[in-house]
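Notes for the one structure printed next.
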Protein chains: 2
Amino acid sequence: MKPIFNDHTPIYLQIMTHIKKQIVVHILQPGDKLPSVRELSKNLEVNPNTVQRAYQELEREEITYTQRGMGTFVTDIEEKLHMLKKEMAKDLITNFIQQMKSIGFVEDELAEIIAVFIKKNKE
Amino acid sequence: MKPIFNDHTPIYLQIMTHIKKQIVVHILQPGDKLPSVRELSKNLEVNPNTVQRAYQELEREEITYTQRGMGTFVTDIEEKLHMLKKEMAKDLITNFIQQMKSIGFVEDELAEIIAVFIKKNKE
DNA sequence: TCTAGTGTATTATTTATATAGTACACTAGA
DNA sequence: TCTAGTGTACTATATAAATAATACACTAGA
């Protein structure tokens with residue numbers, strides 16, 4: 001499972017993103033149990049402490065909750081999960097636009113650039 | 001100048017990106033002298049060694065070249081600089097599409113999403 | 001009641017970055 | 001020739017992140 005990682009972002013942050021993605025595409029549903037710290041650390045081939053840190057942060061963001069002795073679960077608050085997808089999308093879009101502008105593109109050409117790029121990729 | 005930095009990317013990489021951007025928007029032209037290691041480290045409020053590492057990597061990527069005792073300069077090879085913008089744009093676009101897909105969007109809606117987002121932001 | 005599976009805590013060590021301070025080599029120009 | 005401004009090298013230290021190993025507390029279910 002190691003390939004989900006890149007070189008320069010802390011692994012615990014990458015694990016958080018990995019789980020958030022699984023939530024927004026409904027691989028993980030509200031109330032679902034996350035893999036245990038030990039199990040996920042084995043699957044991802046990372047230290048249990050690293051997974052634990054990711055889980056701690058996810059709980060701090062109220063995306064998950066913990067029942068001691070039982071496990072960590074995706075929050076039941078659907079509102080929260082709906083917001084999560086919106087926020088992640090907004091962050092990606094905002095970041096993309098800002099980055100493209102910083103290398104000399106203007107806002108009004110971005111949609112067309114995306115459209116052309118995708119069309120070419122299909123060929 | 002510190003605000004160009006974020007929390008989780010090594011500073012030397014952020015400096016590299018910062019300079020690449022200045023090159024592709026022609027703030028820095030082919031043959032232009034970059035700020036000296038000491039000067040830039042003072043402006044950015046980072047250690048000279050950190051700037052030096054960024055400069056080393058830029059030279060390794062053949063975006064700059066060095067004349068000992070004189071300074072570090074943007075490459076004269078315009079072809080190289082033209083490719084740089086193309087590559088940076090391609091990386092941003094590819095990454096954006098891949099990330100959006102990973103949270104449940106499909107390629108064909110992305111251009112429209114961008115267009116709508118930009119339009120709303122103007123209001 | 002016991003046990004296996006949970007989260008959690010603690011201490012030590014390693015690695016990549018970043019900093020700090022110093023020194024050396026080269027170049028242009030006064 | 002000297003000096004100020006270049007890049008470069010080196011050693012030491014600090015910090016965040018990741019690892020390693022171990023232990024403790026809680027819960028459900030046999």
Side-chain angles (χ1 to χ4, degrees), chain A residues 1-20 22-23 28-29 31-76, chain B residues 1-20 22-23 28-29 31-76:
Chain A
M1 244 333 201
K2 275 269 191 188
I4 74 167
F5 301 129
N6 75 47
D7 280 340
H8 294 292
T9 314
I11 295 175
Y12 79 94
L13 287 176
Q14 296 187 51
I15 294 173
M16 288 175 70
T17 305
H18 178 64
I19 291 168
K20 286 179 182 176
Q22 291 185 314
I23 292 174
L28 287 170
Q29 313 259 349
D32 274 3
K33 184 178 171 306
L34 268 58
S36 76
V37 169
R38 289 168 180 81
E39 183 186 352
L40 186 56
S41 74
K42 210 178 78 182
N43 288 346
L44 299 182
E45 297 173 46
V46 297
N47 193 277
N49 296 341
T50 307
V51 174
Q52 194 204 340
R53 174 148 186 204
Y55 279 18
Q56 264 177 353
E57 297 289 325
L58 286 170
E59 191 175 6
R60 203 182 45 73
E61 293 184 11
E62 300 179 73
I63 291 164
T64 60
Y65 63 93
T66 289
Q67 289 189 327
R68 194 181 176 105
M70 298 200 58
T72 300
F73 303 84
V74 179
T75 182
D76 302 301
Chain B
M1 238 347 195
K2 275 270 192 187
I4 73 167
F5 301 128
N6 74 47
D7 279 340
H8 294 293
T9 313
I11 295 175
Y12 78 94
L13 287 177
Q14 296 187 51
I15 293 173
M16 289 176 69
T17 305
H18 178 64
I19 291 169
K20 286 180 181 176
Q22 291 186 314
I23 292 174
L28 287 171
Q29 312 261 347
D32 274 3
K33 185 179 171 304
L34 268 57
S36 77
V37 169
R38 290 169 180 81
E39 183 187 351
L40 186 57
S41 74
K42 211 178 77 181
N43 288 345
L44 300 181
E45 297 175 45
V46 298
N47 193 277
N49 297 339
T50 306
V51 174
Q52 194 205 340
R53 174 149 187 203
Y55 279 19
Q56 265 178 352
E57 297 289 324
L58 285 171
E59 191 175 4
R60 203 183 46 73
E61 292 184 12
E62 299 178 74
I63 291 164
T64 60
Y65 64 93
T66 289
Q67 290 188 326
R68 196 180 174 105
M70 299 200 56
T72 299
F73 303 84
V74 179
T75 182
D76 302 302

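A, B, ... follow the sequence lines: proteins, then strands. Residue 1 opens every chain.
- Side-chain atoms of B:Tyr55 and B:Ser36, non-hydrogen and from C-beta on, never get closer than 4.5 Å to each other.
- In this structure, CD of A:Glu57 is placed 13 Å from C1' of D:dA17, rounded to the nearest angstrom.
- For the pair A:Met16 CE and D:dA17 C1', the computed distance is 15 Å after rounding to whole Å.
- Between the CD atom of A:Gln29 and the CD atom of A:Gln22 there is a distance of 12.0 Å, given to the nearest 0.5 Å.
- Between B:Leu58 atom CG and D:dG7 atom P the separation is 13 Å, expressed in whole Å.
- Residue A:Asp32 contributes atom CG, which lies 15 Å from atom P of C:dT6 at whole-angstrom precision.
- Within the structure, a side-chain polar atom (N or O) of A:Thr50 is placed less than 4.0 Å from OP1 or OP2 of D:dT19.
- Here C:dA20 presents its C1' atom at 6 Å from CG of B:Asn47, a figure rounded to the nearest Å.
- B:Arg60 has its side chain out of reach of B:Gln56: every pair of non-hydrogen atoms, C-beta onward, lies at least 4.5 Å apart.
- Within the 4.5 Å cutoff, the side chain of A:Val46 has no heavy atoms near those of the A:Tyr12 side chain.
- Two residues are said to be in side-chain contact when any heavy atoms from C-beta on lie closer than 4.5 Å; A:Leu40 and A:Leu34 fail this criterion.
- Rounded to whole angstrom, the span from the OH atom of A:Tyr65 across to the P atom of C:dT6 amounts to 16 Å.
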request  = Sugar-phosphate atoms are those with a prime plus P, OP1 and OP2; base atoms are the rest. Using that split, label each nucleotide of nucleotides 10-16 of chain D B, S or - for protein heavy atoms under 4.0 Å, 5' to 3'.
outcome  = B------
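- Looking at heavy atoms from C-beta onward, B:Glu59 lies out of side-chain contact with B:Thr72 at the 4.5 angstrom threshold.
- The two residues A:Ala54 and A:Ile15 come nearest to each other via the heavy atoms CB-CG2, 3.7 Å.
- For the segment residues 68-75 of chain B, the set of residues with a heavy atom within less than 4.0 Å of an atom of DNA chain D comprises B:Arg68, B:Gly69, B:Met70, B:Gly71, B:Thr72, in numerical order.
- Atoms CD (B:Gln67) and C1' (C:dC26) sit 12 Å apart, rounded to a whole Å.
- Two residues are said to be in side-chain contact when any heavy atoms from C-beta on lie closer than 4.5 Å; B:Lys20 and B:Ile63 meet this criterion.
- Phosphate proximity of D:dG5 to B:Ser36: absent, as no side-chain N or O sits under 4.0 Å from OP1 or OP2.
- The aromatic rings of A:Tyr65 and A:Phe73 lie parallel to each other, with less than 30° between the two planes, well short of the 60° mark.
- At C:dT17, one or more side-chain N or O atoms of B:Tyr12 fall inside 4.0 Å of OP1 or OP2 (strictly under the cut-off).
- Side-chain contact between A:Thr9 and A:Thr17 is absent, with no heavy-atom pair separated by less than 4.5 Å.
- Judged by distance alone, with hydrogens and angles left aside, A:Arg38 brings a side-chain donor or acceptor within reach of the base of C:dG7, the pair sitting under 3.5 Å.
- Between B:Glu39 and B:Lys42, no side-chain nitrogen of the basic residue sits less than 4.0 Å from a carboxylate oxygen of the acidic one, so the salt-bridge criterion is not met.
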Secondary structure string for DNA chain D (Watson-Crick or G-U under 3.5 angstrom, | for other-strand pairs) = ||||||||||||||||||||||||||||||
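- Nearest to the side chain of A:Gln56, among C:dT6, C:dT19, C:dA9, sits C:dA9.
- Distances were taken from every side-chain heavy atom of A:Pro10 (C-beta onward) to each of D:dA18, D:dT8, C:dA18; the shortest belongs to D:dA18.
- For A:Thr66, the side-chain atoms get nearest to C:dT8 when compared with the rest of D:dG7, C:dT8, D:dA20.
- Taking atom NZ on B:Lys42 and atom P on C:dG21, their separation rounds to 16 Å, with Å as the unit.
- Within the 4.5 Å cutoff, no side-chain heavy atoms of A:Ile11 are placed close to those of A:Leu44.
- Across C:dG7, D:dG7, C:dA18, the shortest atom-to-atom separation from the side chain of B:Val37 is found for D:dG7.
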